[in-house]
Structure formats: C-alpha cells, structure tokens
Q: 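One structure is given below, represented as structure tokens, and several questions about it will come after.
So you know, we letter chains A, B, ... as the sequences are listed, proteins then strands, and number each from 1. The basis for the numbers below is simple: all heavy atoms, side chains too, and nothing from hydrogens, waters or symmetry mates.
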There are 2 protein chains.
Amino acid sequence: MVDPKGLASTASTDADAIDELRAQWHRERPDMDAASLDAMALVGRIKRADHLLSKGMKPIFAEHGLEFPEFDVLATLRRVGAPHELTAGGLLKSAMVTSGAITNRLDKLERKGLIERRPDPSDRRAIRVRLTEAGRELVDRAVVDHVANEERMLGALSAEERGALDGALRRLLVSLGDTHLG
Amino acid sequence: MVDPKGLASTASTDADAIDELRAQWHRERPDMDAASLDAMALVGRIKRADHLLSKGMKPIFAEHGLEFPEFDVLATLRRVGAPHELTAGGLLKSAMVTSGAITNRLDKLERKGLIERRPDPSDRRAIRVRLTEAGRELVDRAVVDHVANEERMLGALSAEERGALDGALRRLLVSLGDTHLG
DNA sequence: GTCAAGTATCTCAACATTGAGAGATTGGGT
DNA sequence: ACCCAATCTCTCAATGTTGAGATACTTGAC
C-alpha cells in the first residue's frame, strides 16, 4: 500500500476507496508517474463525491414527489425571480442537457401542473415556460429541505475545509470555461 | 451581485456559473442563510465539475472505440492484476451501479471480445469475468491517453491546489462512508 | 440432513438522456 | 424583397440505468 500524500503519520487522514484504486494502478502500471495517478485520483474523487451526494439527495426530492431532473427545472425557474419564466432554451443551457431532455422534463412537469408552456410573443419559434402557483409553492418548500440535507451531508467538513474545497473547485470550473449559467 | 467569499479585492478569483446561481438564490430567498447557500454552491460545483470532466473524457474513450461504462469495467479488471479476473458482483460494487447495469456492460464487452465469462469453480451462483488478451491490450493503451487527458483538464490548478482539493474531497468521501472499492 | 435466509446473476419494463434530424421562424446580407 | 444560415423546439430511435422480481445456489441453524 503506497502513501501518495506522505501522511502516514497524520492520524487524522483516513484512506478512502480512491486511495485503494490508486494503489492498485501503481502496482499494476508502475510506468505511470505520480502526477498521472494524482490526476486520476482527483477526477475519481469528484465523480464519486457527485455520485454519493446525488444518491443522498434522492429521498428528499422523493418526499416532495419529485426527481432531480424535475427539481432542477423548477429551481431554475424559481431563482430567476418573478414572473418565474424562461424559454426552453434558457432552461436547457442552465441544466447542461440536450433539447430532447428538456422537452421530456417539461412534458412531465406540465402534466403535473407545476409549469405552463405558452408561446413567446416576440419569437414564434420559442416557448415560454412559467412556474404555476402550485409549482412555485412546491419548489419553495422542497428547496428548504434540500439545502438542509446538503448541509447535513457536508457536515463532516469544517468551514475552512469547505472554503478551500469550494475555492479550488471554482478555479477548476473557471478553467474549464464554466463561467455562465445561461 | 453578492460576494460570498469576501474576495472582491482578490483579482485572481473569477466568478463561475455557480456564483451566479448563488446570487440568484440570495436575491430570491433572502431567508436562506449563508451556510445553506454555501452548501448548495459547493454541492453544485462538485456536480458541474463531474459533468464537465465526464464530457471531456468521452472523446478519448471514443478514440479507442469505448464508452465510459465499458472502460470502467475494463479498468477495474486491469488494475486488480493478473489474471485480471473478478466476479460480476465484485465489478458491481466497484462501479457503484446495479446488477442490471453490470449484466448489460458485460454483454457488450463480451460481444466485442474484450472480456470472457466463465463459471466460478467454487461458487456455482457466481461467474468469473476475465479480460481477454485483446481487452488487456486495449485498456492498457486507453488508460495512458485517458490519464493524460485528465491531467490536461486539471492543468489550470497548481500542485498545491490539487493537493488541497484532493485532501478535502477525501475527507468528504470518508465521512460519506466511501472507504472501500469492493 | 433439512429448511430458511441470504447471495449471485440475469431478466425485463420503465424511465431519462443523447444525438441526429425535421419543421418553423428569424435575421443579416445582398 | 429575397435568400440562406442560424436558431428554437420537438420527435424519435438507440442507449444505459434502475428497481423489482425470477432462478439457482450456498450457508448456517436446528
């Protein structure tokens, strides 16, 4: 078992699944240098963290009769402010999915009466998607439970650790060009 | 526009899409406290980082005729070492997907001649999945390009930043119980 | 030994997404 | 005015995943 971070004497640093993965690659492919393995480990940790956090969110959304894709649309409409309206294209870019996925999400939400579609008065190719009263009430309730759950899942990290993590991720995102929602 | 990190005077810190999202929520729901918004932002950054990194990996896998799910299985078998063999259950736990997904992945890889399924001699419920020679050669080639690409995508971060990010993510993962691959 | 509970894999329907493409509309250049 | 490229949304087949259930086998308690 390698100790890539040189922290064997630091009792507070426990190993995670990715340390195991890195050690396996190091044993099997000793030709890969440390920087490569570190990159692989970091990307792997981001993926696994996303996976576990997403899994932990599901039950909260389910309590409100939603799944993440639906909540994502409702929350996007909610946070742009009254009249809680965007075009399908605006939603698409914010959600980072393709147009087919947005059509599907809107169909589901429309059937539930949480959003309405109306023609865009200034561009007849576009539609305007708007939260219904029921939709606004639901997302306003759901978001409170959702963020409380997120805080709970991050509970093991101190404010300093969260700040460091957040700052480094912001720099990564900026470098990947993720500078705008729409 | 809020400045949640108090870094307005630090010219080197650019805003990303999540800063925009946070500002929108702050304006629309001033009742949500800073810690809640910070948690939402951090989780959002992890999700967006995963999404962008995953998207950036696709073309590399495609160059080798693979998609991520297939590469994931091949890489898991490769890194356990000779004879590059695991049960379907072992693969399932490492990949964090359900049994149906693993069956599907193995079917595809078997059709391509990259893995073989044989009965487990010591447990007749189980199957042993093994890299073929073609599978081992392919994954050994693909992994080199893959990690080079990962390094490239992380290129904007200094070694110190990567270390801080990695360390904080490890602590998060450990706190979420992600301590073993299998 | 027998039986119940647990485990390993596969099957299958439901669902979300992608990616290519169609249809309608817009807008700039000529 | 006209055209052509770009834009906006929807459609649809293909793909991958989940989650429940079926089947076969193993294990431990009695």
Side-chain angles (χ1 to χ4, degrees), chain A residues 47-48 50-52 54-59 61-62 65-74 76-77 85-112 115-130 182, chain B residues 47-48 50-52 54-59 61-62 65-74 76-77 85-112 115-130 182:
Chain A
K47 181 174 283 299
R48 270 182 107 88
D50 173 58
H51 189 270
L52 291 170
S54 296
K55 210 162 141 185
M57 291 174 191
K58 285 186 67 172
F61 293 137
L66 295 171
E67 315 239 352
F68 173 76
E70 302 169 273
F71 175 81
D72 188 33
V73 170
L74 296 181
T76 302
L77 292 169
E85 189 175 86
L86 282 175
T87 63
L91 286 165
L92 183 165
K93 283 179 272 183
S94 167
M96 304 203 293
V97 295
T98 58
S99 64
I102 284 294
T103 298
N104 184 37
R105 291 178 180 192
L106 295 180
D107 286 348
K108 257 188 105 167
L109 289 166
E110 198 171 31
R111 265 181 257 127
K112 290 186 179 184
I115 61 134
E116 281 170 349
R117 273 193 263 221
R118 12 181 245 107
D120 186 314
S122 64
D123 183 344
R124 281 191 298 174
R125 292 167 302 180
I127 60 159
R128 293 206 155 267
V129 180
R130 185 178 205 152
Chain B
K47 180 172 286 296
R48 269 181 108 90
D50 173 59
H51 189 270
L52 291 170
S54 296
K55 210 162 143 185
M57 290 175 192
K58 287 187 67 174
F61 293 137
L66 294 171
E67 314 240 353
F68 173 76
E70 303 169 272
F71 175 81
D72 189 34
V73 169
L74 296 181
T76 303
L77 291 169
E85 189 175 86
L86 281 174
T87 62
L91 286 165
L92 183 165
K93 282 179 273 182
S94 167
M96 305 202 293
V97 294
T98 57
S99 64
I102 284 295
T103 298
N104 184 38
R105 292 178 180 192
L106 295 179
D107 286 348
K108 255 190 107 166
L109 289 166
E110 197 171 32
R111 266 181 256 127
K112 290 188 179 183
I115 60 132
E116 282 171 348
R117 276 194 260 223
R118 10 179 248 108
D120 186 314
S122 64
D123 183 343
R124 283 192 295 175
R125 293 168 302 179
I127 60 158
R128 294 207 153 264
V129 180
R130 186 176 203 155

Q: Kindly list each side-chain donor-acceptor pair under 3.5 angstrom involving residues 99-108 of chain A, sequence neighbours excluded, with atom names and distances?
A:
residue: T103(A); atom: OG1; partner: S99(A); partner atom: O; Å: 3.2
residue: R105(A); atom: NH1; partner: D72(A); partner atom: OD2; Å: 3.1
residue: D107(A); atom: OD1; partner: R117(A); partner atom: NH2; Å: 2.3

Q: Any chance you could measure L91(A), atom CG, to L86(A), atom CG, to the nearest 0.5 Å?
A: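 Atom-to-atom, L91(A):CG and L86(A):CG are 5.0 Å apart.
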Q: R128(A): what forms a salt bridge (Lys or Arg N to Asp or Glu O under 4.0 Å) with it, not counting sequence neighbours?
A: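 With sequence neighbours excluded, R128(A) shows a salt bridge (Lys or Arg N to Asp or Glu O under 4.0 Å) to E85(A), D120(A), given in chain and number order.
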Q: Which distance, rounded to the nearest 0.5 Å, do you find between the CZ of R130(A) and the CZ of R118(A)?
A: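 R130(A) atom CZ to R118(A) atom CZ measures 5.0 Å (nearest 0.5 Å).
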Q: For a quick test of reading the model, state the closest non-hydrogen atom pair linking G56(B) to P59(B) and the distance between them.
A: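 It is O-CD, 3.6 Å.
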Q: I'd like to check T87(A) versus L92(A) (side-chain heavy atoms, cut-off strictly below 4.5 Å). Are they in contact?
A: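 SC-SC contact between T87(A) and L92(A) ruled out.
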Q: Without decimals, in angstroms, what is the distance between L86(A) CG and dC8(D) C1'?
A: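 Going from CG in L86(A) over to C1' in dC8(D) covers 14 Å.
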Q: How do R125(B) and L92(A) order along DNA chain D: which one's closest nucleotide is nearer the 5' end?
A: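 Its nearest nucleotide being more 5', the pick is L92(A).
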Q: Hey, where on DNA chain C does chain B first and last touch, going 5' to 3'? Cut-off is any atom under 4.0 Å from a heavy atom.
A: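 Both ends considered, the range comes out as dG6(C) to dG19(C).
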Q: CG/D50(A) to NE2/H51(B) distance, rounded to the nearest 0.5 angstrom?
A: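 The NE2 atom of H51(B) is 9.5 Å from CG of D50(A), to the nearest 0.5 Å.
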Q: Tell me, please, which residues at least two apart from K112(B) pass salt bridge (Lys or Arg N to Asp or Glu O under 4.0 Å).
A: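 Salt bridge (Lys or Arg N to Asp or Glu O under 4.0 Å) check on K112(B) returns E70(B).
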Q: Output the residues of residues 115-124 of chain A in contact with DNA chain C, where contact means a heavy atom of the residue under 4.0 Å from an atom of the strand; sort by number or write none.
A: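 Contacting residues: D123(A), R124(A).
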Q: Got a second to check how far L66(B)'s CG is from F71(B)'s CZ, nearest 0.5 Å?
A: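 Taking CG in L66(B) and CZ in F71(B), the distance rounds to 8.0 Å.
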Q: Mind checking the NZ-CE spacing from K47(A) to M57(B)? Nearest 0.5 Å is all I need.
A: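 Here the interatomic distance stands at 5.5 Å.
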Q: Going 5' to 3' through nucleotides 16-23 of chain D, assign each nucleotide B (protein heavy atom under 4.0 Å from a base atom), S (under 4.0 Å only from sugar-phosphate atoms) or - (no protein heavy atom that close).
A: SBBB----
